[in-house]
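Lettering follows sequence order; numbering is per chain, from 1.
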Amino acid sequence: MQKEVNVMTEKELQRSKSVLPIGTVMRLTELSARQIRYYEEQGLVIPKRTDGNRRMYSLNNIDQLLEIKDYLAEGINMAGIKAIYEQQKKRATERREDNLTDSDVRRILHDEFLNISGFDRGVGTSLHSQRPLD
DNA sequence: TTTCTTACA
DNA sequence: TGTAAGTA
């Protein structure tokens with residue numbers, strides 16, 4: 001049993017190892033260096049730094065970047081993405097403090113997502129005329 | 001050669 | 001966001 005835990009830990013360690021330079025990340029994610037660095041400025045996906053201050057990304061970082069890319073493709077902006085992560089962090093806290101069932105968590109998650117996406121699209125776009133945050 | 005920071009058409 | 005400049 002303990003052996004399995006070690007295996008899992010090893011995988012996580014490998015996925016957390018920062019060994020990819022930004023150039024590789026660019027090709028893997030189809031994102032420009034400008035964008036990758038910008039997302040870092042915004043507090044999302046902070047890479048390790050090595051040698052002469054060069055960014056080194058891990059496999060997990062790649063996943064994070066791809067996730068951000070998906071959100072962007074869905075029309076969610078930086079503020080919205082940040083909000084989503086803040087909400088997730090908040091949910092992690094709520095989960096410890098309360099005894100929410102999985103369905104409760106799902107309902108909250110769904111509700112928050114609608115508010116976030118509705119808010120972001122409402123500014124400048126007219127896909128929906130709804131004003132969920134009113 | 002690649003990446004970094006800063007700044008601007 | 002793209003891109004140019006000057007480094008490391």
TODO: Under the side chain to side chain contact (heavy atoms under 4.5 Å, CB included) rule, what do A:Val25 and A:Asn61 come out as? Steps first, then yes or no, please.
DONE: CA-CA 9 Å; A:Val25 178; A:Asn61 290 155; over 6 Å; no
- [ ] Find out whether A:Glu40 and A:Arg55 are in side-chain contact, i.e. whether some heavy atom of one side chain is under 4.5 Å from a heavy atom of the other.
- [x] yes
Open item on the list: On a heavy-atom basis, which atom in A:Lys69 and which in A:Thr29 lie closest, and how many Å separate them?
Closed with: NZ-O, 3.0 Å
Task: Strand-adjacent residues in residues 15-30 of chain A, judged by heavy atoms under 4.0 Å from DNA chain B - done: A:Pro21, A:Ile22, A:Gly23
Open item on the list: Pairing check on B:dA9: which nucleotide meets the Watson-Crick or G-U wobble criteria with it, both distances under 3.5 Å?
Closed with: none
TODO: Side-chain contact test, heavy atoms from C-beta onward, threshold under 4.5 Å: evaluate it for A:Ile81 versus A:Leu72 and give yes or no.
DONE: yes
Open item on the list: Nearest 0.5 Å, please: how far is CG in A:Leu59 from CD in A:Glu12?
Closed with: 10.0 Å
Open item on the list: Generate the contact string for nucleotides 1-8 of chain C. Rules: B means base contact, S means sugar-phosphate contact only, - means no protein heavy atom under 4.0 Å.
Closed with: BBB----B
Open item on the list: Under a 3.5 Å cut-off for both contacts, is C:dG6 paired Watson-Crick or G-U wobble with anything, and if yes, with which nucleotide?
Closed with: B:dC4
TODO: Check whether any side-chain nitrogen or oxygen of A:Arg55 sits under 4.0 Å from OP1 or OP2 of B:dC4, and answer yes or no.
DONE: yes
Open item on the list: With a 4.5 Å cut-off on side-chain heavy atoms, are A:Tyr38 and A:Met78 touching?
Closed with: yes
TODO: For residues A:Tyr39 and A:Leu31, report the shortest heavy-atom separation together with the two atoms involved.
DONE: CE1-CD1, 4.0 Å
Task: All pairs passing salt bridge (charged side-chain N to carboxylate O under 4.0 Å, His left out) where residues 14-30 of chain A contributes a residue, at least two apart - done: none
